[in-house]
Amino acid sequence: MEVIKNHLLPKIATIKKIIRETPNIISLQVALDDIEAMRNFIFEPGQVAQISVFGFGESTFVINSTPSNKDYLQFSVMKSGVNTTAIHNLSEGEKVGIRAPLGNWFPYKDMEGKNILFIGGGIGLAPLRPLIFHILENKEKYMKLTLLYAAKSPDDFCFKYDIDEWEKSKDIQLIQTIDNACYGWDKEVGLCPNVLEKMYPSSQNTIAVICGPPIMIKYTLEVLKKLDFEDDNIYTTLERRMKCGIGKCGRCNIGEKFVCVDGPVFSLRELSNISETFI
Amino acid sequence: MKTLTYIKKENLNTFLEKLNKNYDVFLPVQNKADGTINFESLDIVNDNNVINLKEKTRKSPKSLFFPPSENLFEFEYKKDIKKPDIMEIKLLESEKMISDETNSRKKVIFGIKPCDTMAVKCLDLVFGEGEKKDPYYIMKRKNTILISIGCSNVFPDCFCTSVGGNPFYFDYSDLGLIDMGQNLVIFKLSERDDLRKLLDECNEFFEEREINSDEEIEIKKIISESEKKCSSNWESVNAEDIALDMERKFSEEEMWKNITRKCISCAACTYVCPTCVCFNIGDEQTGMKGERYKCWDFCTNYYYTLEASGHNPREKIYQRYRNKINCKYNYFYKRNKNLYCVGCGRCIDVCPVGMDIREIVKHVRSLQK
Amino acid sequence: MQQENSVEKKLKERIRDVFDDLELVIGYCQSKIPLKVNPLFIQRKEEIDDLIFDNLCINNLATYSYFLSNELKGKIGIVLKPCDTRSITQLISEELLNKDRVKSIVVGCAGILDYKKIVKEIGGLKIISADIKDEHIRIDTIDENFTLEAKNFYADKCYTCNIYDNPPYYDEFIENDSKLNIEPRKEYEDLDEFEKLSLEEINSFWDLQFSNCIRCYACRNICPLEVCRDKCIAQLDVPHWQSQKINSAEGKFFQLIRAFHLAGRCTECGECERVCPANIQLLKLMKKINKDVLKLFNYRPGFNLDEKPPLLTFKNVEKNIKEEELI
Ligand SMILES: Cc1cc2nc3c(=O)[nH]c(=O)nc-3n(C[C@H](O)[C@H](O)[C@H](O)COP(=O)(O)OP(=O)(O)OC[C@H]3O[C@@H](n4cnc5c(N)ncnc54)[C@H](O)[C@@H]3O)c2cc1C
Ligand code: SF4
Ligand code: SF4
Ligand code: SF4
Ligand code: SF4
Ligand code: FES
């Protein structure tokens with residue numbers, strides 16, 4: 001008899017390491033208990049996972065380690081509700097359930113030969129991280145790389161270890177900004193869209209990828225339009241409440257699209273064809 | 001000359017009883033106390049209720065494949081004495097639960113109406129197609145034989161002819177019967193092996209003879225009369241056009257607000273609808289053991305899209321009801337070329353405030369833009 | 001199409017008179033479904049023509065008062081039967097509704113027919129067409145016809161109603177020339193049988209009832225007093241009170257929460273029972289609790305604008321509760 005794979009059944013994984021990113025965000029490095037499965041685990045930058053703490057529920061997170069890393073998967077979790085709080089209460093060595101990879105990914109092949117402008121806000125750097133890693137690993141195929149990373153305050157930047165490295169790197173230009181000036185901060189100050197407007201990046205042969213809270217996406221898109229970026233050249237990731245992650249439960253729809261299977265990565269072109277507002 | 005295979009109606013009960021020996025038979029059963037009709041197991045038929053193949057059931061048969069709630073798997077935490085602060089977890093394989101289902105007896109749904117079989121097709125397209133399938137559904141579905149009786153009676157809220165079906169539409173039935181007074185005549189027979197087997201097992205009930213021209217005319221008449229009646233309940237809608245129209249009027253916020261004012265955003269319409277597929281997933285735990293379940297959910301409720309941050313993309317009733325209508329007449333048509341309303345009229349029947357999906361669609365379409 | 005009756009005419013005239021002060025008026029209109037009516041939201045004066053008022057107007061339109069008054073800025077007119085005003089009164093007394101935001105346009109009532117009773121009488125058959133004449137209801141189904149005597153099919157509350165002609169609360173009152181004319185019954189007389197049951201019997205009665213609940217929340221959402229629909233603990237994730245499963249245990253739990261949250265607040269309009277697709281006898285539960293509240297606190301919901309429901313207030317000494325006897 002034909003065996004149908006049960007995509008609703010999680011695989012058990014162990015938390016190898018927990019990193020505190022900001023006061024309310026931690027990163028987990030987890031490895032599937034099934035060694036064979038871990039070794040063969042393939043995912044693309046932008047894909048997501050459903051992480052369970054059994055008894056509390058399941059929530060969606062971007063896999064933000066680099067796809068070439070076969071030792072563990074990394075997720076960054078902001079404390080916001082039942083399950084995320086349960087995740088924050090776990091310690092190294094404890095178990096979670098994982099259903100992954102789910103969703104689509106950034107079309108990094110189509111981005112070859114182009115300049116790429118990454119724009120991230122707060123935890124919104126998480127989906128960009130695997131993409132940036134992947135592109136840096138294949139640097140020769142891409143042109144100029146720029147990252148604009150915005151956060152409320154210096155404490156709210158995630159992945160400080162990456163930032164330190166990218167700051168030193170010649171392969172990517174890093175611009176950091178915080179909402180309000182504060183003591184000891186010598187980089188940009190101002191909201192992401194304003195800083196972007198000041199940067200005045202050229203839209204020539206450039207792809208923009210934005211991830212962050214809805215409100216930031218909304219205003220940043222306006223600036224990108226002003227800067228003449230075409231809808232085809234702007235990508236973003238969207239969030240909707242998710243349950244099944246496999247296009248069955250119907251919950252994550254924006255118009256006729258399901259975020260869990262048709263997304264979370266969308267080009268602005270796709271989104272402008274949907275009547276329902278996506279922000 | 002064609003032949004006519006039929007089962008005498010006077011033998012129907014013995015036929016069903018025989019069927020029930022090898023299969024789990026579900027059919028429309030009417031509760032005598034309050035008159036409601038629902039799909040129930042033949043086993044529960046007793047003095048308090050009666051089989052009713054004429055009228056429509058209150059709830060749709062979807063719960064037989066897609067139960068209101070069902071466990072996906074069970075889990076158990078275990079403490080390891082050597083590592084006291086770490087909990088081990090064990091999952092009870094859901095595959096086992098699923099295969100239990102496969103080994104159980106086959107189900108027969110007897111007397112399922114043609115519109116409901118179209119709805120089963122809608123469920124198939126969601127749960128049973130695509131790259132990732134839902135095994136919980138498929139196991140139940142594969143195990144079920146659908147025996148339909150065409151609708152010689154059409155009710156005022158029936159409108160299957162408007163949405164691509166008709167009262168004798170048997171494309172998704174395994175066996176299609178026509179009620180000809182004394183006999184139930186086989187009109188359509190699928191190629192399913194298990195159906196052949198079923199018919200062989202019960203072949204003493206089926207009689208066969210040549211069809212005479214009067215009967216041929218009568219069958220045609222029964223069909224055309226029902227069709228005519230049904231199509232007078234609503235205009236015929238062209239799926240493509242209606243999807244386009246929904247799309248075009250999507251942003252008419254004022255119109256949507258006005259036509260949904262009376263909706264109280266309950267689940268009555270969703271939970272009786274044969275095609276509504278939305279579900280929720282949740283965990284429950286007592287002590288060290290627990291389970292993950294899936295259960296019905298409805299897109300017209302406030303919590304459906306409420307996110308952890310407090311942000312709610314569909315905060316207002318009109319936004320949610322608009323989603324519902326678009327889901328049926330637009331989104332699913334775009335996704336898999338199928339309307340997700342089969343015209344059964346159940347939602348019209350149960351709505352506490354008289355929302356009539358036909359009127360809504362008509363209203364949307366009549367808006368000039 | 002039915003003939004316009006005299007009270008309908010008066011109602012329309014009155015609404016035309018007051019319409020300019022109102023942002024919207026809620027009333028009744030014809031439904032395509034026999035023996036049912038629909039709520040009508042009037043925003044333009046010409047829509048007043050669609051208004052009807054007859055003995056099928058069972059819906060309690062007070063249901064819309066809370067949510068609409070929060071959504072709209074202007075004043076809302078609502079067509080109410082005298083018994084429906086109890087819900088408005090209750091909302092005002094609980095400070096859920098601002099008195100000045102709604103205009104209660106109350107119409108004298110000659111009793112309303114209970115659709116569910118009728119359907120039950122004809123064995124659940126689908127009604128193809130029906131009409132009401134001279135206190136008789138004529139019904140056609142697929143292959144049977146019925147003629148029922150209307151006097152047996154009024155809503156339960158009509159048989160105990162003593163306010164049909166003198167509403168306890170109104171802004172506008174339109175007298176009805178036809179008056180309620182049915183054999184009255186004693187209040188809560190229908191509970192007598194039920195109260196004789198043993199605890200086990202009561203328990204199994206409710207278990208059976210609630211095993212049919214599909215958690216559609218129609219009862220909660222139609223209730224004029226359950227303004228909590230978007231904050232209901234039966235659906236909340238945080239805190240997590242109740243599983244979302246649909247089964248008899250959860251159905252019972254949900255209904256018990258409902259019952260307690262409405263104890264001594266329920267205005268016995270019967271909407272919850274009317275809308276339940278599972279035909280659960282919700283009103284029986286509400287009435288039983290209300291009867292106890294009446295006995296203990298001498299309080300009848302929906303009659304007094306200034307008095308708070310006893311279970312929303314605290315008194316050091318309750319006259320009818322002998323605490324020493326409880327210990
Ligand atoms: C594609 C995608 C990628 C995401 N990536 C990340 C990430 O990398 N890091 C991160 O911290 N957060 C991410 N989120 C948001 C994260 O999924 C929610 O914050 C989380 O589900 C809240 O769960 P909870 O149980 O704590 O919240 P509760 O309020 O208790 O919510 C209950 C349930 O609702 C659902 N839910 C509630 N809010 C959301 C939401 N915003 N998105 C999806 N489901 C929700 C979940 O199923 C959750 O179990 C992502 C969301 C999506 C859709
Ligand atoms: S349309 Fe009717 S049944 Fe459906 S949610 Fe609205 S009020 Fe409830
Ligand atoms: S939307 Fe209404 S008429 Fe259409 S299939 Fe569902 S219940 Fe039937
Ligand atoms: S509980 Fe039922 S009877 Fe009581 S006020 Fe609410 S809807 Fe009316
Ligand atoms: S209306 Fe009936 S079925 Fe629906 S939640 Fe209430 S009691 Fe349950
Ligand atoms: S999460 Fe279930 S359909 Fe997308």
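Values below: all heavy atoms of this structure, side chains included; hydrogens, waters and symmetry mates excluded.
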Taking side chain as everything from C-beta outward and backbone as N, CA, C, O, which of these in [X] sits under 4.5 Å from a heavy atom of chain B? Side chain, backbone, both or neither.
X: C/Ile122; result: neither
X: C/Glu71; result: side chain
X: C/Ile214; result: both
X: C/Ile128; result: both
X: C/Ser31; result: neither
X: C/Phe41; result: side chain

(message) Between B/Asp349 and C/Lys126 (salt bridge meaning N to carboxylate O under 4.0 Å), is one present in this structure?
(response) yes
Using a 6.0 Å cut-off, check whether atom [atom1] of [X] has over 12 heavy atoms from anything other than its own residue.
X: C/Glu46; atom1: CD; answer: yes
X: B/Lys289; atom1: NZ; answer: no
X: C/Lys45; atom1: NZ; answer: yes

(message) At a heavy-atom distance under 4.5 Å, which candidate from B/Asp356, B/Ile37, B/Leu306, B/Asn258 has the highest pair count against chain C?
(response)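 Option with the top pair count is B/Asn258.
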(request) Pick whichever of B/Lys316, B/Gln30, B/Lys32, B/Arg261 has the most heavy-atom pairs under 4.5 Å with chain C. (result)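 When all of B/Lys316, B/Gln30, B/Lys32, B/Arg261 are compared, B/Arg261 has the most.
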(request) For B/Tyr293 and C/Gln244, indicate whether the former's side chain and the latter's backbone hold a donor-acceptor pair under 3.5 Å. (result)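 Checking the backbone N and O of C/Gln244 against the side chain of B/Tyr293, a donor-acceptor pair under 3.5 Å is found.
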(message) Donor-acceptor pair, distance only, cut-off 3.5 Å: does the side chain of C/Tyr217 make one with the backbone of B/Ala267?
(response) no
Can you tell me how far the [atom1] atom of [X] sits from the [atom2] atom of [Y], to the nearest 0.5 Å?
X: B/Asn31; Y: C/Lys120; atom1: CG; atom2: NZ; value: 9.5 Å
X: B/Phe155; Y: C/Thr141; atom1: CZ; atom2: OG1; value: 8.5 Å
X: B/Tyr303; Y: C/Lys231; atom1: OH; atom2: NZ; value: 8.0 Å
X: C/Asn279; Y: B/Thr36; atom1: CG; atom2: OG1; value: 5.5 Å
X: B/Asn301; Y: C/Cys216; atom1: CG; atom2: SG; value: 11.5 Å
X: B/Tyr271; Y: C/Ile246; atom1: OH; atom2: CD1; value: 4.5 Å

(message) Give the interface residues of residues 48-60 of chain B toward chain C, defined by a heavy-atom separation under 4.5 Å.
(response) B/Lys54, B/Glu55, B/Lys56, B/Arg58, B/Lys59
(request) Would you please go through residues 272-284 of chain B and name the residues with a non-hydrogen atom below 4.5 Å from one of chain C, in numerical order? (result)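 Answer by number: B/Asn280, B/Asp283, B/Glu284.
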Between [options], which has the largest tally of heavy atom pairs under 4.5 Å with chain B?
options: C/Asn59, C/Leu125, C/Val119, C/Asn221; result: C/Asn221
options: C/Lys36, C/Arg229, C/His240; result: C/Arg229
options: C/Arg220, C/Arg274, C/Lys116, C/Gln43; result: C/Gln43

[X] versus chain C, the contacting section by heavy-atom distance below 4.5 Å:
X: B/Asp157; result: side chain
X: B/Glu291; result: side chain
X: B/Ala308; result: neither
X: B/Ile317; result: side chain

(message) Show the nearest heavy-atom pair for residues C/Pro277 and B/Val350, with the distance to one decimal.
(response) CB-CG1, 4.4 Å
(request) Identify the two heavy atoms, one from B/Cys266 and one from C/Ala218, that lie closest to each other, and give their separation to 0.1 Å. (result) CB-CA, 3.6 Å
(request) Test C/Lys245 against B/Asn71 for side chain to side chain contact (heavy atoms under 4.5 Å, CB included), laying out the working first. (result) CA-CA 10 Å; C/Lys245 278 191 181 177; B/Asn71 278 0; 3.3 Å; yes
(message) Measuring only between side-chain heavy atoms, which start at C-beta, is C/Val275 closer than 4.5 Å to B/Val353?
(response)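 They are not in side-chain contact.
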